[in-house]
Structures are given as structure tokens and as C-alpha cells.
Amino acid sequence: MTETRLRVYDDTRALFHLPDGVIYFDGNSLGALPLGVAERVNRVITAEWGKELIRAWNTAGWYVQPRRVGDRIARLIGAEAGSVMMGDTLSLKVYQALAAALDMNRERLVVLSDTGNFPTDLYMAEGLIATLGRGHQLRLVAPEEIEAALSEEIAVLYITEVDYRTGRRHDMAKLTTKAHALGIVTVWDLAHSAGALPVDLAGSGADFAAGCTYKYLNAGPGAPAFLYVAPRHADRARAALSGWMGHAKPFAFDLGYAPAGGVERMRVGTPPVLAMAALEASLDIWDRVDIADVRARSLALGDLLIAEVERRCPQLKLVTPRVHERRGSQVSFAFDGGYAAMQALIARGVIGDFRAPDIMRFGITPLYIGEAEVLKAAEIIEEIVKGEVWKRPEYQVVNAVT
């Protein structure tokens, strides 16, 4: 740690902007605003862009920012230095990872995923398969059937470590080991893992991984994603999106593409400097926090929320695993009136979210959620559910974003 370690919640809560009267349980979808973001972005705008203009690509380090920030992310996901590249969106990063993985296993044509994977990952796989036109198949099984479905006909195991709906967690090390024994390349989506729990990409032997930074890492809406390429693959992984920033000599402006060495080849276009500045401000907090402490508090708060809601509202059915090793950092309940109940909760200042068909999600983000917030939220959930407040007409209106 570069400075004195921060105590999770006791020290970190004051580093975030949260409106009065709000208990925020949606950091698993969009993290809260770190107080340092506005100053950092303003400095980049005024002192760097404003004064240095285009010179800032060199003088302010904009050009090397994707790799520099990637190394800071690497610490949080158990990755080797120089193995993580920032930029673009998660959809593009999983596309790059899957394309490279399939290219490494060209004799096989099956991509194995599960029905708990985030839909955009599946959509990107479908699009890539159609583009390749080589007869690949996307095979989906239930999350609990993944291990049994591994076989020598599988080219790539392509799954999200933590299920976005239920919070169910796959065993990365176990599945990666078995996949490799069968000659399968692995691609992991860490959207609900990075900043939520300890990840050990290097130790587990993962081949590729991607993730976003606007959830638990609190980098803001539309924040850039990251891509991990295991160092053993970095100099031969195919860059399917062969943008100019991934060229070996981008400013030579050669008419033919030649990939850069290592993970640099996974750069695509011009990096989002302002968005990455916001991410860097958030990482200033993460540099002083131990992810093991975050995980311990997350599990304790999750246990507390489960116990309180089950005691007060037996109508809500827990769909998140109780076993610590099998869950991420959210608690989800199934309820037939889940969408309306969540709208009623939001109106009362308890902000979670809903996922079809009936899932009420509560993200556990210990940097700014503590025991008092959990207990107060449970009281309000009970009032909404037992009092059938959710049945009011105003809570039945379905918004564009749920």
C-alpha cells in the first residue's frame, strides 16, 4: 500500500458522495461517486487538455494511460504486471477475448457458456460466430451443469464468474484446471467480480478475462472496460479488432496492420482520457484498501441482510447461495411483485434494482454500506412488502431502465 490502509466503511464511507436519505444497494450496477472524481477530471480538462492541448498525449501521459491504469486494475484481479489493457466497452473486450481464444483452438467449434451469463456476452458470441462463418456453435447449459459439460469438443469456456441475477459464483480455479486438462481455452467475465471479491487470474491459470469498471470500481457511467491476456499468450493472441492504437508502430501510419507486442495489441482506438481520469480517482481509494477486508465485510453484510429479510418477509425467496464461497457481493430475492416492490423501495430511498422475470437485487458495497444501512433497509422492505405498498398504481409503471 502506498499510504496508510483505509478501514473499510469506517474510513471509506466519507470518500463517496451519497445523497441524504438514500441507502444505495445498486453499486453492483453503477457505483457511487468518489469525491475525488470531479477534481481529477477537472484538472485533466483545465490543466492538461486546456493548457497542453495535443501535447498532453506526451506531457500528461495520455498515450500510456491505458497500460498504466491496467496495471492498477491488475492488482485487484490477481493479474501479472503488463497483462491488462484498458479501453472501449466490456462488450468489445469480451469480443476480443473470445475471438483470440477461438483462434487458439481452431480445430474445435463449440463455445460453452451458461444460462446465467450476461446476455451481452452471449450476443457478442453469436455475432462473432456469424462473422467467422466456420460453423461454430454456442452451447448453453445451466450454471450448475458447466463442469459436467466440459469435454474435448469444447474450444472455449466462456462464462461470467458471478451471475448478474442471483450472485451465484463459479469456482474459477477448479473450472480452469479441468478445462485446461481437456484442451479448452478459458474466457472469464469479471463484471461482478472486480472490486467485489479477491480474484486470482494468474494463480488460477486463466487465459483471458474482461470486466467493467463502473460497478464496484466506481468509475462512472460508461467507464472503460479492461482486458486481461495471460502473458504466455500475449505475443500470439490474435487482435480481431485491429485498430491503429494496437499497431506495432501506430504513428508510422503504415497501410498494413502489424500487431504490437504483448497486451498492447489489444488496444483498439483512441483511449477515453476523461473517463479514465475518473477511474484513476476511484483507484486512489482502492490503492489503500485490502480487497480481503472488503470481501469479509461484504459477506457479513450479506448474511445480515439475508437474515433480516427472511425474518421479516418470508414472501421473498432467496435465490443467492448462502455458502460464502459460492456467492459474489449481492443478495437477490425472487418475488412476483418484484419490479413494483423495487420501485416502491426506490421511492423510499432504498435503491436496488430489478432483473426479469422476478429478481430483486441488492448490491453489497462495503466501501459505503454498513450494518446500520442494512438494518434500516430491511425495515423499509418489510413495510413495503407486508403493507402491500408495492400494489399502488404508480409503482406498476415500467421504466425504460429497470
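Numbers here are sequence positions counted from 1.
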Q | Carboxylate-amine/guanidinium proximity below 4.0 Å for Glu280 and Arg68 | A | yes

Kindly list each side-chain donor-acceptor pair under 3.5 angstrom involving residues 219-232, sequence neighbours excluded, with atom names and distances?
{"residue": "Tyr228", "atom": "OH", "partner": "Glu80", "partner atom": "OE1", "Å": "2.9"}
{"residue": "Arg232", "atom": "NH2", "partner": "Gly205", "partner atom": "O", "Å": "2.7"}
{"residue": "Arg232", "atom": "NH2", "partner": "Asp207", "partner atom": "OD1", "Å": "2.9"}

Q.
Does this structure show an ion pair linking Glu310 with Arg322, if we count only N-O contacts that are shorter than 4.0 Å?
A. yes

**Q.** N-O pairing of Arg355 and Asp353 below 4.0 Å
**A.** yes

Q. Should the pair Phe251 and Trp244 be assigned to parallel (<30°), tilted (30 to 60°) or perpendicular (>60°) ring geometry?
A. perpendicular

Q. When you check the gap from the basic side-chain N to the acidic O, do Arg106 and Asp103 get nearer than 4.0 Å?
A. yes

Q) Centre of Tyr63's six-membered ring, under 6.0 Å away, within 45 degrees of the axis: is that where NZ or CZ of Arg267 sits? A) yes

Q: Search all heavy atoms of Thr160 against all heavy atoms of His170 and return the closest pair with its distance.
A: O-CD2, 3.4 Å

Q: Show the numbers, then the answer: is there a side-chain contact (heavy atoms from CB on, under 4.5 Å) between Ser332 and Phe362?
A: CA-CA 6 Å; Ser332 298; Phe362 298 90; over 6 Å; no

**Q.** Carboxylate-amine/guanidinium contact Arg7 Asp290, below 4.0 Å
**A.** no

Q: Output yes when Arg72 and Asp284 qualify as a salt bridge under the 4.0 Å nitrogen-oxygen rule, no when they do not.
A: yes

Q: Could you tell me how the ring of His192 sits relative to the ring of Tyr164: parallel (under 30°), tilted (30 to 60°) or perpendicular (over 60°)?
A: tilted

Q: Run the salt-bridge test on Glu48 and Arg43 with the 4.0 Å N-O cut-off and return the result as yes or no.
A: no

Q) Thinking salt bridges, do Arg312 and Glu383 make one under a 4.0 Å N-O criterion? A) no

**Q.** CG on Leu175 to OG1 on Thr186, rounded to 0.5 Å
**A.** 9.5 Å

Q.
Please evaluate residues Asp200 and Ser204 with respect to the criterion side chain to side chain donor-acceptor pair (under 3.5 Å), reporting the C-alpha separation (whole Å), side-chain torsions for both, the decisive distance (0.1 Å), and the verdict.
A. CA-CA 6 Å; Asp200 186 11; Ser204 70; over 6 Å; no

**Q.** Among Ile23, Leu301, Val22, Leu18, the one residue meeting side chain to side chain contact (heavy atoms under 4.5 Å, CB included) with Glu373
**A.** Ile23

Q. Which atom names give the shortest non-hydrogen contact between Val263 and Ala234, and what distance separates them?
A. N-CB, 4.0 Å

Q.
I'd like to know if Arg169 and Glu325 make a salt bridge, using a cut-off of under 4.0 Å between side-chain N and carboxylate O.
A. no

